[in-house]
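A quick write-up on the structure given underneath.
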There are 2 protein chains.
Amino acid sequence: MPTIYDVARRARVSPSTVSRVLNGKQTVDETLAARVREAARELDYRPNALARSLRRSRTNLWAVLVSDINNPFFTALVRGVEDVARSSQYSVVLCNSDEDPDKEASYVAAILAEQMAGVIISPTGGGGPVQRLIDASVPIVAIDRQVPGATVDLVTVDNEHAATVATTHLIDEGFRHIACIAGPRDLSTARQRLDGYRRALRAAGRPIDSRLIQYADFRESGGYAAMAALLDQSPRPDAVFTTNNLMTIGALECLAERGVRVPDDVAVFGFDDVPCATLIQPPLSTVTQPTYEIGRTAAELLLARIAEPTRPPSVKVLPTEIHVRASSRRRVTKATRPA
Amino acid sequence: MPTIYDVARRARVSPSTVSRVLNGKQTVDETLAARVREAARELDYRPNALARSLRRSRTNLWAVLVSDINNPFFTALVRGVEDVARSSQYSVVLCNSDEDPDKEASYVAAILAEQMAGVIISPTGGGGPVQRLIDASVPIVAIDRQVPGATVDLVTVDNEHAATVATTHLIDEGFRHIACIAGPRDLSTARQRLDGYRRALRAAGRPIDSRLIQYADFRESGGYAAMAALLDQSPRPDAVFTTNNLMTIGALECLAERGVRVPDDVAVFGFDDVPCATLIQPPLSTVTQPTYEIGRTAAELLLARIAEPTRPPSVKVLPTEIHVRASSRRRVTKATRPA
DNA sequence: CTGTTAGCGCCTTCAA
DNA sequence: TTGAAGGCGCTAACAG
């Protein structure tokens, strides 16, 4: 690999001049600049990012550290991040903490060691490792959920509101025993969605039956188990609000396996888009988040934070969309239909 | 951030001794080693990976450069890679080329600039950028598809065989006009699956009707468009073999939208697992790949390649599984049923 | 076994 | 405007 010295020699200038030309600095004489550019091209010179970063003590790499790489919500938002990053000369790498604080800690260590320029993160519940990034003044933007015990830039949605709307819809349809499959207690997002569910019931003068609230882990298996538990107990729900996409899938699998009909026996309203939502019968009612916009907004906040590290943290709340479809609509049963 | 000099001063030894202790080198006197470790702990010292990498001229970062981050096939295999990487002190970052040679080129540039220790890649069709990595002797393992015009370590599956089995199944079920939604012509994987389809027809003495072969882009929208084209022409297929998961989804969406029944009007056999496969009605017949194993095997090949850069490239072909479900079974129609 | 020294490739004062 | 020189933090020769 040719170095800046090789280029300098070939262009008959000093290494500093090469550096200046390659970084678009100051006014270098156009004759020399042209010679430098040609020499660089001829040698297929590519700057050593390691050396440059060591010198400048920061790279041009952003990490997107998500809690579940298999959740399409997180992968979809990466595109929004990439589009902003590319236009600002950053490269984006994706890391997967898998909701595991240990893995998160090991990626945080790597981010620190590699001196990455910024981090967009959906922190795991533990919340420990992220503090290291904050302590080290690494520019950081949280997505989806807050960093426990810290105030950093955040891009999220109106979780509580959306959950209220979804639950209220189920109430208005006339369902009596509306269950909620909630996420981990230590995730702000999960708490807000559960709060929205509770608020809707309260507003309708309905009691909140804690047996109808099942906590799970935001994964498919968790949704499945929670649904199974709900079906095995009394009162058995006639509707369920599932608070993320993977848990919705798990719950639907459980219902299908047991021959429980949707929405006739149990209605379903899910949070987040579900892959192949349109292929599932009946079509699924969902709250959807603007994933691309979330990624884009987070990236823009990160740029702003890098440019001005001391600016006060800001929170962007993006709007959700509610899609009411057949899975949450009460059907007139045959028995009550006029003969 | 404390440096190795700070640790050395505090432990009253030289920086080299600190370096040796921290890297587990040679036999350092245990008294000194203990002092060093304690000093490092007290200062919360974390080595600067940039400096270390600059010095050693290689990092401990692997890149997994996939062609579509929204395809669960690719994200699922990352876990297999991570498990191997972690046990060998490498961190894994995921990059998304989005089947776009330009994006791929820009990530290749970043990988080169950051001197990453190894790359696992599913190359885009263009094939250009990967050559840079090979030229720079970056250890590289291809997954899913070959690198055009180069011989590197490769982990793939028995694409042609699996496609033959799937198509043969459709033939045996008695379908007359079996279509194929094929992938991009410049991807080895797509070619092999199409070859398998052709071979099955040939073996059954069936003509190969080129109107029944639609080329698409391995994406949902491509599958949709291809299916639409097939439905609008004559002969209209009564079965279709879709050669990847996203195109299967697109095709199913098209069929659902037009009220075409599966499998009564058109039977479907898909390649790759489809998210929420079990929720789709009718259950989908698929060829599935061992994603975790593919990731693990690729990572192991990469380790071997790093350890011995000159070893001859090897190709690992992992077995697929065929799941025949209702979407590809011929149903006895009511007309022919005994009354 | 330990310390001194030099340099990985680059950028950035500082002088000219 | 250009060049010379130093140093980012670390490791690997080389002495001792």
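Chain identifiers are assigned alphabetically (A, B, ...) following the order of the sequence lines, protein sequences preceding nucleic acid strands; residue numbering begins at 1 within each chain. Worth knowing before you read on, the calculation uses all heavy atoms, side chains too, and leaves out hydrogens, waters and symmetry mates.
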Rounded to whole angstrom units, what separation is found between the CG atom of B:Asp29 and the C1' atom of C:dG3? 14 Å
Under the rule for salt bridge (Lys or Arg N to Asp or Glu O under 4.0 Å), what residues qualify as partners of A:Arg191, not counting sequence neighbours? none
Taking the minimum atom-to-atom distance to the side chain of A:Arg56, which one of D:dA13, C:dT12, D:dT11 wins? C:dT12
Any residue meeting side chain to side chain donor-acceptor pair (under 3.5 Å) with A:Tyr107, in chain and number order, not counting sequence neighbours: B:Glu82
To the nearest Å, give me how far apart CZ (B:Arg55) and C1' (C:dC8) are. 6 Å
Just the rounded figure in Å: distance from P of D:dC8 to CG of B:Leu54. 13 Å
Using a 4.0 Å heavy-atom cut-off, does A:Leu32 contact any base of the nucleic acid, only the sugar-phosphate backbone, or nothing at all? sugar-phosphate
Report the distance from atom CE of B:Met116 to atom OG1 of B:Thr59, rounding to the nearest 0.5 Å. 6.5 Å
Starting at atom OH of A:Tyr45, determine the distance to atom C1' of C:dC10, rounded to an integer number of angstrom. 7 Å
DNA chain D contacts made by residues 4-17 of chain B, counting heavy atoms under 4.0 Å: B:Ile4, B:Tyr5, B:Ser16
Separation of A:Asn48 atom CG from C:dC8 atom C1', in whole Å? 8 Å
OP1, OP2 of D:dT11 versus side-chain N and O of B:Arg52: anything below 4.0 Å? yes
Once salt bridge (Lys or Arg N to Asp or Glu O under 4.0 Å) is applied, do any residues pair with B:Arg12, and if so which ones, sequence neighbours excluded? none
Partner set under side chain to side chain donor-acceptor pair (under 3.5 Å) for A:Thr189, not counting sequence neighbours: none
Which of the following nucleotides, D:dG9, C:dG9, C:dT12, is nearest to the side chain of A:Ser19? C:dT12
Any side-chain N or O of B:Lys25 below 4.0 angstrom from OP1/OP2 of D:dA12? yes
Quick check on D:dT11: is either OP1 or OP2 less than 4.0 Å from any side-chain nitrogen or oxygen of B:Asn23? yes
Answer yes or no: is there a donor N or O on one side and an acceptor on the other, between the side chain of A:Ser88 and the main chain of A:Ala85, under 3.5 Å? no
In whole angstroms, the gap separating C1' of C:dC10 from CG of B:Leu50 amounts to 11 Å
I'd like to check the side chain to side chain donor-acceptor pair (under 3.5 Å) partners of A:Thr291; sequence neighbours left out, ordered by chain and number. none
For B:Arg20 and D:dT11, give me the distance from atom CZ to atom C1', rounded to whole Å. 10 Å
Can you measure B:Arg58 atom CZ to D:dT11 atom P for me and round it to whole angstrom units? 12 Å
